[in-house]
Protein chains: 2
Amino acid sequence: MSVKTPTVYDVAAQAGVSIATVSRVFRQPEAVREATRERVMAAVRELGYVPSASARGLAGRRTSVLGLLLPGHDDLEPGRSAPVRSGEVAFIDDRAAALTPTSPNLYFDELLRGVEVASWRAGYALTVTAGRGMSREMVLSDIAGRVDGLAVVARTLSDDLVSRTARRLPIVVLAGTGAGGVDHVEVDNRGGMRALSRHVLQVKPPGPVLYLEGPRQSPDAEARAAGFGEAVDGADEDVHRRPAEFTHEGGYAATADFLRVRRPGAVVAANDQSALGALDALRRVGVRVPTQCVVTGFDGIDAGRYANPSLTTVRQPMTALGERAVEVLLRRLGEPELPPCGLQLPVEVLLRDSCPPAD
Amino acid sequence: MSVKTPTVYDVAAQAGVSIATVSRVFRQPEAVREATRERVMAAVRELGYVPSASARGLAGRRTSVLGLLLPGHDDLEPGRSAPVRSGEVAFIDDRAAALTPTSPNLYFDELLRGVEVASWRAGYALTVTAGRGMSREMVLSDIAGRVDGLAVVARTLSDDLVSRTARRLPIVVLAGTGAGGVDHVEVDNRGGMRALSRHVLQVKPPGPVLYLEGPRQSPDAEARAAGFGEAVDGADEDVHRRPAEFTHEGGYAATADFLRVRRPGAVVAANDQSALGALDALRRVGVRVPTQCVVTGFDGIDAGRYANPSLTTVRQPMTALGERAVEVLLRRLGEPELPPCGLQLPVEVLLRDSCPPAD
DNA sequence: TTGAAAGCGCTAACAC
DNA sequence: GTGTTAGCGCTTTCAA
């Protein structure tokens, strides 16, 4: 730390070879005679030599780094723990917790793991950015200079910015339809909701079907609504669509509202959090799930597993999504001129207590 | 992409200035006359110039990158979605979901956000690694060459490896006690559990107290057990400690077991998942929460908010943890010779329905 | 199998 | 204010 960090020159001197040989020991060990190699490695260990990624990147014209650009959370206030003095413990009345919206970051963790694993496996490091504060342009031009390729979560960047950047740097868009001529990997929202909804129709007790659409102009919500539409289309069911925020509160309100007029035989929600809200609303008025009414969600968040009854849902393969994204990136890195590709990943329906298997 | 990426030389030529001026426009814009600056920026835009981080790093002897090393998940099998053909949707009977353990990754997401925000704010990019596959040594020496400082989640690396690396590179250990002479930032597990337990004793209905300890040799579990001990010490309570895995299943089993003999007036669990299991076990035998028995967890996972009744718990400020870690790193970057520091972050008790406020 | 030498693109003195 | 220049530490021909 305080001492000068050793370089190839130091290692070369110590081992009595040229810097080219030191480099070879790392890049193509088999091209160096065993004895020489061992002498070099000994020097490396003794000196604690670590190759500089910057120098490598500059000489090799590649950074060996991939980037992941997540949606920002500009509203995240820094250091919420400030008000409490060290050693003290604050008590907070949080009984209304379920009503407050959670951040939609729920599965970025999984996504990150997928991207990270695949990157590392391919010999790339991973740089993660959520770019807030400064403008998207600045964030983008910052990482653009650091990486060999970039995975961008849909709607993090404007379509225009994406396709402009894609001209200079391999880019893949995650969980969104391709922004026009750009590689993308998405999840089969429509097919998943269609399959789930068909199952619902098959097992539901009598009564109307309440569909909780997500917010307007969410591509996910749209695709799911389309899938639901395909499932109920032609079926002889009394279907009611209601907008509902993608939150517990949103699902609760929409369901409670509906309950004032009718008793549903099924509530199909476009995401898990609103489904959990629906579950709550039904419980309040004493409707039994799943015997009197089945309930389903979408996403596969953890809370659904622990809900009571546990929530039937469609699980998005976020880890796989991340891995595929990297594969697509690597493909383009290898063959820049390939036509843009779009990949759609299959989903899984998780049948749990709120809408159990048919038998 | 196909065309050669422009460099400072191209920009300089295009703008009719020297490369030094181009560099200045980016590093100290105020040192360049406005007219010149605009000429340069025009060239930058026209050419789509993006500074190379490698060249910068090499010339400036700093990468402007911070590293975050998360515990590996070596067991994560790649691409679980393979068996399903595209366009098809698999149905999985997942009714026992709550019983299977979740990965303990629950709050890495938050941690990441904290680290990311703070890094970016300080002008650093963030490289994330979970280092599996190859040995920790290799992972470490790979990122060591890429970053100016490193945040390591506790128990990801051996103490020895940490302190060895700390000699060459600023390191901060997260959520663990300092491995000896290394900066660290942790959470007040003991104080949090102590405060929560005191509250429990204050509001609990009559009956013994069941304490669900976590697994052996988890430092977190130990610290929490100590805090609980301090709270009940001297109190006139019938206390029963039981080991329980940090899973729903573990909490369920231990509680159900206890219920065969006694009826607790309180179940204090050392983590949220086991508390949710306890909640389930109590419900099965018809014990009312919180009127007949109060229940508490620890961690603040999302599922606790949606549980019924919602779970009283202690929330770990993971985002703040990440931010503090970066601050510590920056501090050491600035003054390498400072004595090692240890920071302990306060926690918050979230009072929810399973063990409500006193009044 | 090894070495010499020419960059890679940028920063930071220093000179003008 | 702006230009010149000497590296930063590594990879990679090309010779030996």
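The figures here come from the full heavy-atom set of this structure, side chains too, leaving out hydrogens, waters and symmetry mates. Just so it is clear, the model here is predicted, and its values are computed rather than measured.
- Sequence neighbours left out, not one pair with a member in residues 31-44 of chain B passes side-chain hydrogen bond (donor to acceptor under 3.5 Å, both in side chains).
- Comparing the axis of the opening five pairs of the helix from C/dT1-D/dA16 to C/dC16-D/dG1 with that of the closing five pairs yields an angle of 30°, rounded to 10°.
- For A/Asp148, there are no salt bridge (Lys or Arg N to Asp or Glu O under 4.0 Å) partners, not counting sequence neighbours.
- Residues A/Ala130 and B/Glu116 share a closest heavy-atom pair of N-OE2, 3.0 Å.
- Residue A/Glu30 places its CD atom among more than 12 non-hydrogen atoms of other residues, nucleotides or ligands, all under 6.0 Å distant.
- Every salt bridge (Lys or Arg N to Asp or Glu O under 4.0 Å) that A/Arg164 has, sequence neighbours left out, goes to A/Asp160.
- Using modelled atom types, one side-chain atom of A/Thr165 and one backbone atom of A/Leu161 make a donor-acceptor pair closer than 3.5 Å.
- Note on B/Arg24: every side-chain N or O is 4.0 Å or more away from OP1 and OP2 of D/dT2.
- Not counting sequence neighbours, the partners of B/Ser64 by the side chain to side chain donor-acceptor pair (under 3.5 Å) test are B/Arg62.
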Acceptor/donor pairs from residues 16-25 of chain B side chains to any protein atom, 3.5 angstrom cut, sequence neighbours excluded:
| from | atom 1 | to | atom 2 | distance (Å) |
| --- | --- | --- | --- | --- |
| B/Ser18 | OG | B/Ala20 | N | 3.3 |
| B/Ser18 | OG | B/Thr21 | N | 3.4 |

Worked verdict on A/Val147 versus A/Leu169 for side-chain contact (heavy atoms from CB on, under 4.5 Å): CA-CA 9 Å; A/Val147 303; A/Leu169 188 75; 4.1 Å; yes
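- Regarding B/Gln28, its CD atom lies at a distance of 11 Å from the C1' atom of D/dG1, rounded to whole Å.
- The span of DNA chain C lying next to chain A, judged by atoms under 4.0 Å from heavy atoms, is bounded 5' to 3' by C/dT1 to C/dG9.
- Residues from residues 39-52 of chain A that place a heavy atom under 4.0 Å from any atom of DNA chain D, listed by number: A/Tyr49, A/Pro51, A/Ser52.
- Residues passing the side chain to side chain contact (heavy atoms under 4.5 Å, CB included) test with B/Asp10 are B/Lys4, B/Pro6, B/Thr7, B/Leu47, sequence neighbours excluded.
- By the salt bridge (Lys or Arg N to Asp or Glu O under 4.0 Å) test, A/Glu327 is found to be paired with A/Arg324, residues two or more places apart in sequence or in another chain being considered.
- Listed by chain and residue number, B/Phe26 satisfy the ring-ring contact (aromatic ring centres under 6.0 Å, His included) test with B/Tyr49 (two or more places apart in sequence, or in another chain).
- Nucleic acid contact for B/Val22: none, since no nucleic acid atom lies under 4.0 Å from a heavy atom of the residue.
- Using a 4.0 Å heavy-atom cutoff across all strands shown, B/Thr36 reaches sugar-phosphate atoms only and no base atom.
- Side chain of B/Thr21, nearest nucleotide from D/dG9, D/dC14, D/dG3: D/dG3.
- A donor-acceptor pair shorter than 3.5 Å cannot be found between the side chains of A/Thr63 and B/Ser54.
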What nitrogen or oxygen pairs link the protein and nucleotides 6-8 of chain D at under 3.5 Å?
| from | atom 1 | to | atom 2 | distance (Å) |
| --- | --- | --- | --- | --- |
| D/dC8 | O2 | B/Ala59 | N | 3.1 |

